[in-house]
There are 2 protein chains.
Amino acid sequence: MRELYPDGVFPEACPSRTLLDHVMSKWGVLVLLALSEGEPLRWSEVRRRAQGVSEKMLAQTLRTLASDGLVERHARPVVPPHVEYFLTPAGEQLAGHLVPLMQWIAGHAGEVDTS
Amino acid sequence: MRELYPDGVFPEACPSRTLLDHVMSKWGVLVLLALSEGEPLRWSEVRRRAQGVSEKMLAQTLRTLASDGLVERHARPVVPPHVEYFLTPAGEQLAGHLVPLMQWIAGHAGEVDTS
DNA sequence: CAGTATCCCAACCGATACTG
DNA sequence: CAGTATCGGTTGGGATACTG
């Protein structure tokens, strides 16, 4: 992993920093995780799974992840509207790394020693 | 990975959410990554590697990660002060998951289609 | 060297109301 | 249903100055 540190880590103002911030953001991880099972989810279903997210932040997060090429939006022009979100191939690759990490965190929370 | 979604993801106000936020925070990931090579690093060295971090945020991040049991601080009582930080076994486990993720992100930044 | 203390601004973000 | 618009407060976080 030395390759990651030429002289620092993720140099400032580098595109990787931006992507890192999007993916690692409070709601970004939860949305990616929610979609990590492969099945497309509707807006309301994503919202239900990312417990606590506001409409505003959900919209913003989905737009950001979509423009990063990780999530895709598909709207069926019916009324009432039916919109689905799912991971792109890139998003699935990312989720492949993200899910084990989240599982570790879920498993180790509460075991912290607050010394 | 179904186990992660009993009815939602990382239920609100759950300890796992807190740990998640600490680990995934802007500077948390960079500090963990900086320490992921195993060798203890001095304050100034951590700061150099997590390019762009302010003294305030570095102190806060290190304290948080330490109280989460992921990072340990060791101060040698000499003058001038010599302090080292390194990952705990738990921190190393976590880094084992984090590093591949960061490598993927570093590798895929810039390939985004900003449609 | 390795921090702490203080000030202060900006952005994040939640709440609410409204719309196609 | 699936959003957008607007407002306002809380807090993240930078700059600077100071200390053991």
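Chain letters run A, B, ... following the sequence lines, proteins first and then strands; every chain starts at 1. The figures here come from the full heavy-atom set of this structure, side chains too, leaving out hydrogens, waters and symmetry mates.
- Between B/Glu45 and B/Arg48, at least one side-chain nitrogen of the basic residue sits less than 4.0 Å from a carboxylate oxygen of the acidic one, meeting the salt-bridge criterion.
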Exercise for the section: Report, as a single string ordered 5' to 3', how protein heavy atoms within less than 4.0 Å touch nucleotides 8-15 of chain D: B base, S sugar-phosphate only, - not at all. Expected result: -----BB-

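- The hydrophobic cluster containing A/Phe86 does not contain A/Val46, counting ILVMFWY residues as joined when their side-chain heavy atoms lie under 4.5 angstrom apart, directly or transitively.
- The two residues B/Pro100 and A/His97 come nearest to each other via the heavy atoms CB-ND1, 3.8 Å.
- The hydrophobic cluster containing A/Ile105 also contains A/Val99, counting ILVMFWY residues as joined when their side-chain heavy atoms lie under 4.5 angstrom apart, directly or transitively.
- One finds the OG atom of A/Ser36 at 11.0 Å from the CG atom of A/Leu30 (value rounded to the nearest 0.5 Å).
- With hydrogens and angles ignored, the 3.5 Å screen pairs no side-chain donor or acceptor of B/Thr61 with any backbone N or O of B/Trp27.
- Using a 4.0 Å heavy-atom cutoff across all strands shown, A/Arg63 reaches sugar-phosphate atoms only and no base atom.
- Listed for the A/Arg73 side chain is no donor-acceptor partner under 3.5 Å among the backbone atoms of A/Val83.
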Handout entry: Pairing annotation in dot-bracket form, given for DNA chain D with Watson-Crick or G-U pairs under 3.5 Å and | for cross-strand partners
Key = ||||||||||||||||||||

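- For the pair A/Arg17 (side chain) and A/Phe10 (backbone), a donor-acceptor distance under 3.5 Å is present.
- Smallest separation of non-hydrogen atoms from A/Ser16 and B/Ala106: CB-CA, 4.1 Å.
- The cluster map of Ile, Leu, Val, Met, Phe, Trp and Tyr, joined by side-chain heavy atoms under 4.5 Å apart, puts B/Met102 and B/Trp104 in the same cluster.
- Between B/Ser44 and A/Glu55, the residue anchored nearer the 5' end of DNA chain C, judged by the nucleotide with its closest heavy atom, is B/Ser44.
- You can see that DNA chain C meets the heavy atoms of chain A within a 4.0 Å-exclusive cut from C/dC13 to C/dG20, reading 5' to 3'.
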